Amino acid sequence: MSAGRLSGIAPLTLGFCAFFGPRPLGAEESRPTYLDPAAPLESRVEDLLGRMTLEEKLSLVHADSKFTTAAIPRLGIPRRWMSDGPNGVREDVGPDTWQVAGHTDDFATCMPVLIGVAATWNTEAARIYGNVIGEEARKRGKDIMLGPGVNIQRTPLNGRTSEFLGEDPFLASRMVVSYIRAVQSHGVASCVKHFAANNQETQRGSIDVEMDERTLREIYLPAFRAAVQEGGAWAVMGAYNKFRGQFCCENDYLLNHILKGEWGFQGLVMSDWGGTHDTREAVFNGLDLEMGTEPGPRRGAEQAPPAAGSSQSPYERYYLAGAFRDGLNRGDFPVSALDEKVRRNLRVMIATHVFDGREEGSLNTAAHQEAARKVAEEGIVLLKNDGGALPLAADKLNSIAVIGENAVRLQAYGGDSARIKALYEISPLEGILRLVGARTNVTYSPGYRKDGGPDLIEKAVAAARSADVAIVVGGLVHAHPFDSEGEDRKDLNLPWGQDELIRRVVAANPHTIVVIVSGSPVEMSGWLDQVPAVVQAWYGGTEGGNALASVLFGGVNPSGKLPCSYPKRIEDSPAHALGEYPGRNGVVHYAEGLLVGYRWFDTKQIEPLFPFGYGLSYTKFEYSGLTIAAGSGPNDPIVTVAFQITNTGDRAGAEVAQLYVHQGRPSLPRPLKELKGFSKVALNPGEKKTVSIALDRRAFAFYDPARSGWVAEADDFTLQIGSSSRDIRLEGRYHLGETTVEK
Ligand code: BGC
């Protein structure tokens with residue numbers, strides 16, 4: 001533990017304050033309540049709030065640089081630092097521009113992108129991931145980490161698919177809770193984002209999202225609710241888009257009514273960078289902290305811009321700065337509105353121990369690198385493996401032709417706000433060389449290049465032909481216009497002639513392995529049936545190349561499962577099938593409603609390329625002995641589902657068993673099946689374990705807008721246990737005896 005946060009800042013000024021209202025920090029007080037760690041949180045908040053001037057309060061509800069709010073030395077309030085992002089602590093920028101600061105102490109561990117941790121289906125992986133983020137954030141002096149993102153994958157083309165946790169609200173909820181608890185255990189606030197319905201980058205700053213209430217509640221909100229109510233997230237970032245006609249950062253229904261009202265959220269709501277649009281709306285509709293507003297004309301801010309050459313701070317021009325002050329002075333806004341925002345900001349500071357002394361944290365440790373590797377290994381998904389093409393037997397191979405630009409491309413420093421200045425990043429080629437380079441002749445040939453080039457395919461084909469095995473490492477890039485911010489992908493295709501390259505390579509050498517490095521699904525129909533083995537590797541971060549090599553050569557048995565469906569063609573995907581992407585005339589209607597991802601493919605009986613929850617292993621698992629037991633007491637889960645899994649192969653491995661619920665005769669239409677439980681089990685060869693999954697009432701419920709609540713109906717339910725959403729191994733029935741409604 002360090003000496004604590006207060007050690008490095010100006011001492012409190014004791015003495016008289018030349019104004020009425022705020023309580024001065026009196027000389028008679030040895031330690032004011034707000035500095036007393038033993039005092040109740042709310043007493044500390046109220047005590048500190050009562051000591052603040054109007055100007056001090058205003059300074060806490062808007063930025064004073066790209067990623068900070070102002071310090072108030074008089075009260076011992078330090079400057080508050082925020083940082084992206086979801087998969088590591090971003091390099092420092094600014095302070096007043098997006099230019100990198102050029103620091104030498106802001107290298108960090110780059111974890112795999114979030115879709116890669118979702119693919120582990122292991123809440124323990126999310127915990128160790130969050131732990132790295134929390135420890136590194138502390139070492140870098142950050143107070144609030146801007147992530148994780150939990151926006152549901154409505155379309156695989158969303159440019160930020162890699163930054164989120166897939167298409168299923170239950171999976172995303174379980175993972176986000178684990179992640180946030182771990183981050184916040186280090187005295188760092190997690191800021192879950194982007195609230196809500198930020199499901200495309202196309203027109204993200206203006207698109208107006210329309211959907212029915214049930215879809216909102218069942219698909220797009222559960223991960224946020226879990227983050228707040230179970231994970232205890234101290235901060236929420238509003239989205240750029242509009243929801244039902246109102247910008248999300250100033251959205252009365254989402255922020256006041258649902259988040260703060262129904263869910264009882266006590267923390268702070270910050271805007272996305274530049275997501276604030278109007279002073280009055282921001283004052284009244286639930287925004288507590290304005291960040292990232294760019295200079296420009298201000299709607300609703302009846303304040304003249306600073307004259308050219310003026311010394312006025314550009315942050316004075318924020319909606320919640322000068323214009324807010326003017327409105328308060330005119331009596332347009334009550335001071336209580338400001339107080340409530342400040343209260344929330346102070347609550348987060350105090351709850352995350354800003355005044356109590358916090359741990360120092362650690363950066364780029366061997367333990368963090370090990371965690372990055374473990375998560376990357378566990379998230380890699382084996383999509384195809386005919387004839388045991390994988391794992392490769394290193395001792396039997398004399399030569400390997402590694403082909404494809406992604407074998408050497410570093411991806412950590414990409415993805416805009418998710419970009420990490422990694423201390424190091426092991427590329428796929430480097431990972432392979434480290435593992436087998438000493439005994440095997442490994443050649444590299446780009447095969448394609450993002451920026452083009454002559455003869456690339458011919459040379460790659462020749463290399464493949466003369467090698468024992470070819471490994472094509474292709475996919476997308478963590479950059480525009482692929483897996484990145486601000487724009488969506490145009491289609492599902494592999495770019496730069498990779499389909500042709502793969503076909504030619506496999507024709508030259510049938511022992512060809514394809515590795516897709518991407519943060520979102522790609523189309524494979526042009527070559528999938530010709531290639532024996534395919535691996536989805538995501539953007540693996542610092543240790544990505546080592547993790548991939550371990551999987552390819554069998555040191556690690558793959559256990560990742562897809563957190564999203566892979567469509568055969570984009571037209572099969574719900575939003576695209578219905579022509580409801582990216583919207584018309586500035587509005588996008590989520591006409592598919594609840595039928596997102598597998599809910600759509602299953603209900604509409606459209607075969608995906610690879611289904612949700614799918615992923616192979618080098619061993620085999622058998623499922624048996626399903627029992628469904630009703631709970632016995634009022635506090636028990638209402639049902640406990642138990643079954644056995646046996647590893648029937650000859651390698652140790654891990655299986656993700658998935659539990660889907662289907663209701664027999666619901667009074668409102670429901671998707672064919674919905675994920676309500678999962679468990680990842682490690683098994684040695686021949687080993688058998690009992691898996692037990694508890695279901696509460698919510699697992700049987702749907703949201704009924706007419707009753708404004710979650711209804712679990714008296715009915716027959718089918719409980720399906722699967723190795724994927726389309727590989728159901730066991731099935732049983734449960735009869736729910738009585739109908740209940742919960743909020
Ligand atoms: C992104 C946020 C990010 C913020 C700050 C915005 O463009 O949408 O996710 O946290 O920038 O970098």
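Predicted model, so just to flag it, every value in this text is computed and none were measured. First listed ligand is number 1; within each ligand, the first listed atom is number 1.
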Show which atoms of ligand 1 fall inside a sub-4.0 Å distance from at least one heavy-atom site of [X].
X	result
S417	1 (C), 3 (C), 9 (O), 12 (O)
F67	5 (C), 12 (O)
E485	1 (C), 6 (C), 7 (O), 8 (O)
R204	7 (O), 8 (O)
K193	2 (C), 3 (C), 9 (O), 10 (O)
R90	12 (O)

> What residue and heavy atom of the protein are closest to atom 3 (C) of ligand 1, and at what distance?
Replying inline: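 For this ligand atom, the closest protein heavy atom is D84 OD1, 3.3 Å.
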
> To which protein heavy atom is atom 11 (O) of ligand 1 closest, and what is the distance rounded to 0.1 Å?
Replying inline: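 Heavy-atom neighbour on the protein nearest atom 11 (O) of ligand 1: D272 OD1, 3.6 Å.
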
> How about Y129 and Y179: are their ring centres within less than 6.0 Å of each other?
Replying inline: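 Yes, the ring centres sit under 6.0 Å apart.
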
>> Looking only at side-chain N and O atoms, does T202 offer a donor or acceptor that is under 3.5 Å from a partner on E487?
In response: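 No, because no side-chain N or O of E487 sits under 3.5 Å from a partner of the opposite role on T202.
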
>> Walk me through whether E91 and Y413 qualify under side-chain hydrogen bond (donor to acceptor under 3.5 Å, both in side chains).
In response: CA-CA 10 Å; E91 80 181 315; Y413 200 72; 2.2 Å; yes

Assess [X] for proximity to ligand 1: is some non-hydrogen atom of it under 4.0 Å away?
X	result
M237	yes
H194	yes
R160	yes

Would you confirm whether [X], through its side chain, and [Y], through its main-chain N or O, come within 3.5 Å as a donor-acceptor pair?
X	Y	value
K341	L287	yes
W273	K66	yes
Q200	P582	yes

>> Tell me if the NZ atom of K260 is crowded by more than 12 foreign heavy atoms within 6.0 Å.
In response: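 Yes, because the 6.0 Å sphere around NZ of K260 holds more than 12 heavy atoms from other groups.
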
> Which atom pair, heavy atoms only, marks the closest approach of I144 to L268?
Replying inline: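 Nearest pair, atom of I144 first, then L268: CD1-CD2, 4.4 Å.
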
